[in-house]
Amino acid sequence: MVEEQRLFFTTLDRCLMLLAMVLLFAWPILFPIESKYMLVIDTILVAVVAVMGLNLVTGFAGLISIGHAAFVGIGAYSVASFARFFGESHLFVTHCWPLLILCGGVMGALFGALVGLPALRLKHLYLAIATLSFQMIFQWTINFMDLFNQGQTIAVGRVVSPWGTVSRGQHYLFWYYIILVVIVALAFGMRNLLRTRYGRCLIAVRDNDRAADAMGMHPGLTKVYAFALAGFFAGVAGGLQAYLYRGVGIESYTLHHSINYLAMAIVGGLGTLHGAFWGPAAIKVLDLVVEGFAEWIGSVLTISGNLATALKPLSFGLVIVLFLMFEPRGIANWWRIACSYLKQWPFRY
Amino acid sequence: MTGIPLRVVTMVIAVLVVALAGPVHAAGKVHKLGLSLAITGPTSDAGNPYAKGVEDYFKLVNDTKMLGDDTIDCIIRDDQYNNDITKRNFEDFLSQDIIFYLGYSTGSILALKKDFEEERIAVMPASFHAGNTQDSNYVFLPIASYSAQLIGLGEYLAAITRRENPRWRCSFIHRYSVAGRWKICRRPSRPAWLSMLSRWSSTARISTTPPCSSAWSVRVCSSS
């Protein structure tokens, strides 16, 4: 049992992980890239944090959430509220940014627990509709409240690191490292959680909540804390996004984004930790490719056809359907097969 | 998004004025501009022809040598009416050393306002939301803002009705909502929540408060 619970099974596994970490931290220094590309990478990393949370609640606990962007938005608007209240360049906003990001996570967890309460009585589609309602309530609240500038952009100032104010040239690189550190910390935290009885409760409740109840677990509490955990991850992602984009507007936290996060989780592989890394990367890269193609089509064809506009949602939907049909375990399963093959190479089995 | 040809023309004229008013350029210089707009996506019905209009006009400028030997290279990118993509496009433009940015949506201009200030890039949006220019030194509206246009229209209507026939009554009431998503300064003095004529009056009084600068937030109401 103890052997099965180890983080790394062999020394080689440990070394490979260490090497991957070194590469992830070193490559931007060795091969500097332009800001526009760094922004794309940072956006993918923020989505990774959010999808890790969604994977906890949907993948591990089996609770469908289609209001995940609202939790991300709560984290972002927590930071933005401080910026609006104190001023975008107030010391509290520029210097205490780790605290504010954490505050975004806590707010996300609080609202997650609140939204998780219906999970005590609701299941499946009904629960999905409850989370959808939360998404709608969130959008309505932001759009109508003066505190949140009625959804218009609330600016967030540049942060100050121990080495001074992060300049425009360093901005995306700085946030790359910060988000990477957050991902590593949260990923190890999540991996460790899944080794504890609380983590195993999630899976047990997903598989059969009545059996879990009979075994002495508390399915209701487990569902609520699954939502709270997902909310925490999403809130942290929102806080990071607010600082990365240096502003918060409602356009980034709509139902469309919730569906997008769900698609990332499905494509990456529900119920796997590294699926949360593959999904956002795959969907964002697909977005970029289709964007380029749609732009070209849009410039060539007349607007009457409007094929270009339809191209992105079409390809997006098609990818999800294809994955659900042919690879429901997502890209994570391809990774598992590849690892398995490499470990046993040159032998077939 | 009506009146696009007018916008395109005014925008282009302003760009030319800016380009020509600067220091004398060396012969054959290429001036790079960036335009990010919705070629596809929710407002592509306006953005797509807008993009084609801008492309055609700068082709005309270059072909007919309006700037002498100098030419304009306008990089056009699709942002699908999405602020995050607009931000990426703007970073792309910066890496290509643009000297002027042509914007599109209100949301993206507001979202990027701080970047314009930091980069000191002159910007001309297609959205004439008056809030675009607030706390900004680099965003320019080529014509009157939506709010100013609405006030002008209200004043014109009031003047016309009084001149034509003193017995005619005119009331111009807009829906007191957050359609423009700008702060609501005060509640209407009487129920006027729906966009319908509520009552007639002999004179039209136009009231607006500086923060209420969006077209929808300018309140043109009838006096009692």
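Each chain gets a letter, A, B and so on, in the order its sequence line appears, and its residues count up from 1. Everything quoted here is computed from the prediction, not taken from an experiment.
- Remark: Asp287(A) CG to Asp84(B) CG distance equals 11.0 Å, nearest 0.5 Å.
- Neither the backbone nor the side chain of Tyr37(A) has a heavy atom closer than 4.5 Å to any heavy atom of chain B.
- Ala111(B) touches chain A through backbone and side chain together, each having a heavy atom under 4.5 Å away.
- Of the possible polar contacts, none joining the Lys36(A) side chain to the Ser95(B) backbone as a donor-acceptor pair under 3.5 Å is found.
- Annotation: side chain of Arg246(A) is in contact with side chain of Glu118(B) (closest heavy-atom distance under 4.5 Å).
- Of the atoms belonging to Glu291(A), heavy atoms from both backbone and side chain fall under 4.5 Å from chain B.
- Only the side chain of Asn83(B) comes within contact range of chain A, judged by heavy atoms closer than 4.5 Å.
- Atom CZ of residue Arg168(A) and atom CD of residue Glu119(B) lie 4.5 Å apart, to the nearest 0.5 angstrom.
- Between Leu110(B) and Gln152(A), the shortest heavy-atom contact is CD1-OE1, 3.3 Å.
- Within a 6.0 Å radius of CG in Asp135(B), other residues, nucleotides and ligands contribute 12 heavy atoms or fewer.
- The shortest side-chain heavy-atom distance between Lys87(B) and Leu244(A) does not fall under the 4.5 Å cut-off.
- Looking only at heavy-atom pairs under 4.5 Å with chain A, the residue among Leu94(B), Thr106(B), Asp115(B) that has the most is Asp115(B).
- With a threshold of 4.5 angstrom between heavy atoms, Leu112(B) does not approach chain A through any atom at all.
- One distance of note links CD of Glu251(A) with OG1 of Thr86(B); it measures 9.5 Å at 0.5 Å rounding.
- More than 12 heavy atoms of other residues, nucleotides or ligands shown are found within 6.0 angstrom of CZ on Phe92(A).
- One distance of note links OG1 of Thr153(A) with NZ of Lys113(B); it measures 9.0 Å at 0.5 Å rounding.
- Contacts of Leu288(A) with chain B are made by side-chain atoms alone, with heavy-atom separations under 4.5 Å and no backbone atom involved.
- If you measure heavy-atom distances from Asn89(B) to chain A, you find no contacts under 4.5 Å at all.
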